[in-house]
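Only heavy atoms go into these numbers, but all of them, side chains included; no hydrogens, no water, no symmetry mates.
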Amino acid sequence: METTHREDQRSATERRRRELLEAAERVVLRDGPGASMNAIAAEAGITKPILYRHFGDKGGLYRALAVRHTDALVDALRAALDAPTDRRERVEAALDTYLAAIESRPQVYRFLMHPAEESGGERGFDVGQHSAPLLRRLGEELATVIAERVDLGADREERARVWGHGIVGMMHAAGDWWLGERPCPRERLVRHLADLLWGGLATAEDLAGGPGL
């Protein structure tokens with residue numbers, strides 16, 4: 001009986017946390033990097049101390065939103081790389097998936113990557129401290145995919161990690177610049193980035209017995 005009660009409490013807490021994150025997303029979509037804890041608490045119909053009880057501070061809320069969006073992005077990237085097409089098309093689909101994600105919700109992207117642009121009156125929020133782990137996770141996820149699919153020789157794991165983090169760095173830097181300046185259509189940026197990658201990646205053989213890249 002006690003176990004069931006604890007499970008019900010945990011389920012209610014998780015449900016409430018999900019509702020608060022959804023309220024936070026609505027504010028972020030409206031306010032971007034300027035989204036404040038006060039505005040999020042008001043959107044959720046609670047006081048700021050209750051919001052702090054769930055997330056600690058803006059950094060805690062940021063990390064929860066980052067996990068939520070990174071999980072969705074990782075799933076979408078894996079789906080793009082699993083498509084039944086040739087390698088070039090799968091790589092372009094993965095690049096397009098990332099760029100489409102930041103294009104469709106630019107305010108969420110700016111909140112996650114440039115939260116210090118507008119502090120909303122809240123101090124001590126270090127963009128590097130919070131965005132770097134998000135990019136590192138994407139790099140490690142992509143490295144895992146590459147190592148599972150491409151035969152890179154005896155130093156496969158090391159090279160896969162270098163490539164994974166390098167590709168994520170390229171996508172992030174190019175995407176950040178592109179989102180701000182819009183110098184070309186998204187599909188042309190995808191093609192240019194795929195051309196850049198089409199050196200070592202194009203000539204590496206698929207790993208024997210793996211799903212292929």
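With a 4.5 Å cut-off on side-chain heavy atoms, F55 and R63 do not count as touching. The closest side-chain heavy-atom distance from I146 to L142 is below 4.5 Å.
In terms of the side-chain hydrogen bond (donor to acceptor under 3.5 Å, both in side chains) criterion, residue partners of E19 (sequence neighbours excluded) are, by chain and number, R16. In terms of the side-chain hydrogen bond (donor to acceptor under 3.5 Å, both in side chains) criterion, R18 has no residue partners (sequence neighbours excluded). In terms of the side-chain contact (heavy atoms from CB on, under 4.5 Å) criterion, residue partners of P183 (sequence neighbours excluded) are, by chain and number, W177, W178, E181. Qualifying side-chain hydrogen bond (donor to acceptor under 3.5 Å, both in side chains) partners for D195, counting only residues two or more places apart in sequence or in other chains: R88. Under the rule for a side-chain contact (heavy atoms from CB on, under 4.5 Å), the partners of L135 that lie at least two apart in sequence or sit in another chain are M113, V168, H172. Remark: E140 pairs with R161 by the salt bridge (charged side-chain N to carboxylate O under 4.0 Å, His left out) rule, at least two apart or across chains. Taking the side-chain hydrogen bond (donor to acceptor under 3.5 Å, both in side chains) definition, one finds that D71 meets it with R137, sequence neighbours left out. By the salt bridge (charged side-chain N to carboxylate O under 4.0 Å, His left out) test, E187 pairs with no residue at all, sequence neighbours left out. Residues satisfying the side-chain contact (heavy atoms from CB on, under 4.5 Å) test with E25, not counting sequence neighbours, are L65, R68, H69, R105. In this view, A93 and A80 satisfy the side-chain contact (heavy atoms from CB on, under 4.5 Å) rule, not counting sequence neighbours.
When the side chains of ILVMFWY residues are joined at heavy-atom separations under 4.5 Å, either directly or via intervening members, L193 and W198 end up in a single hydrophobic cluster. By the criterion of side-chain heavy atoms lying less than 4.5 angstrom apart, applied directly or through intervening Ile, Leu, Val, Met, Phe, Trp or Tyr residues, V67 is not grouped with V28; the two fall into different hydrophobic clusters.
Here the straight-line distance linking atom CG of L73 with atom OH of Y98 works out to 7.5 Å at 0.5 Å rounding. One finds the CG atom of L61 at 11.5 Å from the NE2 atom of H54 (value rounded to the nearest 0.5 Å). Rounding to the nearest 0.5 Å places CD of E92 at 11.5 Å from CG of L99.
Contact between A100 and R186 at its shortest, heavy atoms only, is CB-CZ, 3.7 Å. A pairwise comparison of heavy atoms in A23 and E43 identifies O-CG, 3.6 Å as the closest pair. In terms of heavy atoms, T97 sits closest to A76 at CG2-CB, 3.6 Å. Considering all non-hydrogen atoms of both residues, V150 and R156 come closest at O-CD, 3.4 Å. Q107 and P33 make their closest contact through OE1-CD, 4.2 Å (heavy atoms, listed as atom of the first residue, atom of the second, distance). Listed here is the closest heavy atom pair of S104 and P106: C-CD, 3.5 Å.
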- side chain to side chain contact (heavy atoms under 4.5 Å, CB included) assessment of V27 paired with F111: CA-CA 10 Å; V27 175; F111 178 81; over 6 Å; no

- Task: Begin from the C-alpha positions of L20 and I46 and carry the test side chain to side chain contact (heavy atoms under 4.5 Å, CB included) through to its verdict.
- Result: CA-CA 9 Å; L20 293 177; I46 60 174; 3.6 Å; yes

- Message: Under the criterion side chain to side chain contact (heavy atoms under 4.5 Å, CB included), I'd like the reasoning laid out for T144 against R78: C-alpha separation, chi angles, the key distance, then a yes or no.
- Response: CA-CA 11 Å; T144 298; R78 281 189 171 271; 3.9 Å; yes

- Apply the test side chain to side chain contact (heavy atoms under 4.5 Å, CB included) to residues M170 and L95: give CA-CA distance (whole Å), side-chain angles for both, the deciding distance (0.1 Å), then the verdict. CA-CA 10 Å; M170 179 194 73; L95 292 168; 4.1 Å; yes

Pair up each side-chain donor or acceptor in residues 206-213 with any protein partner under 3.5 Å, not counting sequence neighbours, and list the distances.
from	atom 1	to	atom 2	distance (Å)
D206	OD1	R87	NH2	2.5
D206	OD1	L213	N	3.2

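In this structure a side-chain-to-backbone donor-acceptor pair under 3.5 Å is present from R149 to L81. Looking at D31, its side chain never comes within 3.5 Å of a backbone N or O of G34 through a donor-acceptor pair.
Each salt bridge (Lys or Arg N to Asp or Glu O under 4.0 Å) pair with one or both residues in residues 162-174, not counting sequence neighbours, would appear here, but there are none.
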